[in-house]
Amino acid sequence: MLDIKYIRENPELIKENCKKRHVQVDIDTLLQTDEERREIQQNLNQLQQERNQGSKLKGKPSPEHIEKMKKIGAEIKQLEESYNQKEELLHELLLQVPNLTHPETPIGHEHEFKTLYTNQEPELKDFQTKDHEELLLKHDLLDFERGAKVVGSKFFYTKGKLVELNRALTNYGIDICQKHGFQLIETPDLAHKKILEGAGFNPRGEETQIYNIENQDLSLVGTAEITVLGYHADEVIDLEDGPIKYVALSHCFRTEAGSYGRTSKGLYRVHQFTKLEMFVFCKPNQSDQIHQDLLAIEQEIVDGLELPYRVIDIASSDLGGPAYRKFDIEAYMTMLGDPDEKDKIHQQGNYGEITSTSNCLDYQARRMNIKFHNKETNQKEFVHTLNGTAVVLSRFPIALVENHQLPDGSIKIPKALHPYLNFKEIK
RNA sequence: GGAGAGAUGGCAGAGUGGUCGAAUGCACUGGUCUUGAAAACCAGCAGGCCAGCAAUGGUCUCCAGGGUUCGAAUCCCUGUCUCUCCGCCA
């Protein structure tokens, strides 16, 4: 969330920003609530002062005094109640206000992103390419039917060499991240709702993507971003030796309510997957550079897998609440090709997201109360947080098998993974 | 699952009804001393909110939420977590 003081002082800028991001928040109501809250607080504080002074008297208080104090007490209680109401409403509104937007972020709808880089033209195969689902089913490495039987649709079993490939991808990602100074951490797959909200996810409401545990204050996490952020909740962390960098392994759960169409095929959009996620806590003046660093590491990982991809600067309306700026890497995938073109030998795929890195400034840190001690000002200040996908075991395998398939349906393993596997192809 | 003990500032740790937002030590910040550093000494040092240009003042917070009381870190209830013992178990 943003600092209420900042909103108070820059209401027009905030309204403008909400418009850019296509987010509907009633800033006027928010400001009015803030004002009402402050007014109540002033009255309340005055009464509290009377009470405190009244109770400082030594010796036995007189009956009149006791009577008066009780009256003040009752008034305070009433004011406290209305104060709490206002504050709750204010907090709710505040949670809806999205983060500020980076000056270079393209302003516009989802499709109005800016392509920053394309590594290579996707290789034109001289045969009819198959999508990953077809390939993996053929090799008996994936079982959606039994996944549906046991859990429900869009759940699956991973088998044999695909499990090994996934392990190899994970270890490959871990090694690169550790080389860059990231600490390996494996997180819980559940968290309190408060933590989810702090990360900017909404466990309640109709459009929620979150699985909730019945009768418990727990949700299944959609990403390790949530649990790593929560790891340092309500802490003052030491950033004197540089940023704190984690590479976190967790399962991810998403309800994916209302997602259909081409992108619901195979592994692209599933309810449960495993992900290796980078997460950084840093000082405010470091976050822009670190965001570039995270992107560079993601590119290093994808480069090693010899995948055609592009890097895009996500458009303002597609940033979500917490992100100030977001870069995605989109890999070329057969499955995203236009079905009408399917007969053509050179049937083309399309680009689909495989990683995403966001700079959230102090938006998440403010909600989670994570600070560092700034030596220059001798003050405790909110840290900046960033996250980025290292490896995700739903979409990485898609891009891998679709791009490295051979005419006979076998799959070539890129060199970078050879040290992690005892086979060089799947056939 | 049962029984007991506990949760206090960045950390350690006192405090069991008013003079306590809280001793003391460590850490941290500034200074004196020193060629420099260390040590020693002096001073400062929790956070949120509100009013104020500021100095400053007020208020809230001693795990969380309720309660008792003129007055709660301190007493009572509920919850969460931690530790010790017993039971059970991958």
- Interatomic distance, Phe372(A) CZ vs G47(B) P [rounded to whole Å]: 14 Å
- Starting at atom CD1 of Ile237(A), determine the distance to atom C1' of C28(B), rounded to an integer number of angstrom. 17 Å
- Message: Between Asp293(A) and Gln289(A), is there a side-chain donor-acceptor contact under 3.5 Å, judged purely by atom types and distance?
- Response: yes
- Of the listed C70(B), C49(B), G47(B), the closest approach to the Lys380(A) side chain comes from G47(B)
- Task: Without swapping roles, check the side chain of His271(A) against the backbone of Phe253(A) for a donor-acceptor pair under 3.5 Å.
- Result: no
- Query: Which part of the nucleic acid does Lys371(A) contact within heavy-atom distance under 4.0 Å: base, sugar-phosphate only, or nothing?
  - Reply: sugar-phosphate
- Query: Looking only at side chains, do Thr223(A) and Lys275(A) share a donor and an acceptor under 3.5 Å apart?
  - Reply: yes
- Task: Determine whether Phe281(A) and Leu229(A) make a side-chain contact, defined as any pair of heavy atoms from C-beta on separated by less than 4.5 Å.
- Result: yes
- Find the distance Glu240(A):CD to C28(B):C1' and express it as a whole number of Å. 10 Å
- Task: Give a yes/no answer on whether the side chain of Lys77(A) brings an N or O atom under 4.0 Å of OP1 or OP2 in G67(B).
- Result: yes
- Query: Taking the six-membered ring of Phe144(A) as reference, does the NZ or CZ atom of Lys154(A) fall below 6.0 Å from its centre and within a 45° cone about the axis?
  - Reply: yes
- Could you go through the ring-ring contact (aromatic ring centres under 6.0 Å, His included) check for Tyr231(A) and Phe279(A) one step at a time? CA-CA 11 Å; Tyr231(A) 187 73; Phe279(A) 197 94; over 10 Å; no
- For Glu353(A), does its backbone N or O pair with a side-chain atom of Asp328(A) as donor and acceptor, under 3.5 Å? no
- Message: With rounding to the closest Å, how many angstrom separate the C1' atoms on A64(B) and U80(B)?
- Response: 7 Å
- Spacing between His65(A) atom NE2 and G18(B) atom P, to the nearest angstrom: 17 Å
- Glu235(A) CD to A46(B) C1', straight-line distance once rounded to whole Å: 16 Å
- Could you tell me the separation between the NZ atom of Lys68(A) and the C1' atom of U69(B), rounded to a whole number of Å? 18 Å
- Message: Treating Arg51(A) as the side-chain partner and Met69(A) as the backbone partner, does any N or O pair qualify as donor plus acceptor under 3.5 Å?
- Response: no
- Message: For Watson-Crick and G-U wobble pairs within 3.5 Å on both distances, what is RNA chain B written in dot-bracket notation, | included for inter-strand pairing?
- Response: ((((((((.[[[..)..(.....]]].(((((.......))))).((((((....)))))).[[[[[..)....]]]]])))))))....
- Message: Roughly how many Å apart are C70(B) and G79(B), using the C1' atom of each and rounding to a whole number?
- Response: 30 Å
- Item | Whole-angstrom distance between A12(B) and G71(B), as gauged at atom P | 34 Å
- Query: Does a nitrogen or oxygen in the side chain of Arg38(A) sit under 4.0 Å from OP1 or OP2 of A51(B)?
  - Reply: yes
- Task: Measure from the side-chain N and O atoms of Glu300(A) to the backbone N and O of Ile176(A), and report whether any donor-acceptor pair falls under 3.5 Å.
- Result: no
- Hey, is the main chain of Lys114(A) close enough, under 3.5 Å, to the side chain of Asp313(A) for a donor-acceptor pair? no
- Task: Find the distance His373(A):NE2 to G9(B):C1' and express it as a whole number of Å.
- Result: 13 Å
- Message: Work out how far the P atom of C11(B) is from that of A23(B), and round it to whole angstrom.
- Response: 16 Å
- Task: With RNA chain B as reference, determine whether Glu67(A) or Asp3(A) sits nearer its 5' end, using the nearest nucleotide of each.
- Result: Asp3(A)
- Using a cut-off of less than 4.0 Å, is there contact between a side-chain N or O of Arg8(A) and OP1 or OP2 of C50(B)? yes
- Expressed in whole Å, how much space separates the P atoms belonging to U19(B) and C60(B)? 13 Å
- Message: Tell me the interatomic distance from Asp234(A), atom CG, to U80(B), atom C1', rounded to whole angstroms.
- Response: 14 Å
- How far does the P atom of G13(B) sit from the matching atom of U8(B), given to the nearest Å? 9 Å
- Message: For the P atoms, the ones on A14(B) and on G4(B), what distance do you get once it is rounded to whole angstrom?
- Response: 23 Å
- Message: Say we look at A72(B) and C62(B): how far apart would their P atoms be, to the nearest angstrom?
- Response: 11 Å
Give me, pair by pair, the N or O atoms of the protein and of nucleotides 57-64 of chain B that are less than 3.5 Å apart, along with how far apart they are.
from, atom 1, to, atom 2, distance (Å)
G58(B), N2, Asn45(A), OD1, 3.1
U59(B), OP1, Asn52(A), ND2, 3.3
U59(B), O3', Gln48(A), OE1, 3.2
U59(B), O2', Asn45(A), ND2, 3.0
U59(B), O2', Gln48(A), OE1, 2.7
C60(B), OP1, Arg51(A), NH2, 3.0
C60(B), OP2, Asn52(A), ND2, 3.2

- Query: Starting at the 5' end of RNA chain B and moving along, which residue's nearest nucleotide shows up first, Gly73(A) or Arg37(A)?
  - Reply: Arg37(A)
- Message: Run the salt bridge (Lys or Arg N to Asp or Glu O under 4.0 Å) test against Lys427(A) and tell me which residues pass, sequence neighbours left out.
- Response: Glu425(A)
- Contact class for Lys71(A) (heavy atom, under 4.0 Å): base, sugar-phosphate, or nothing? nothing
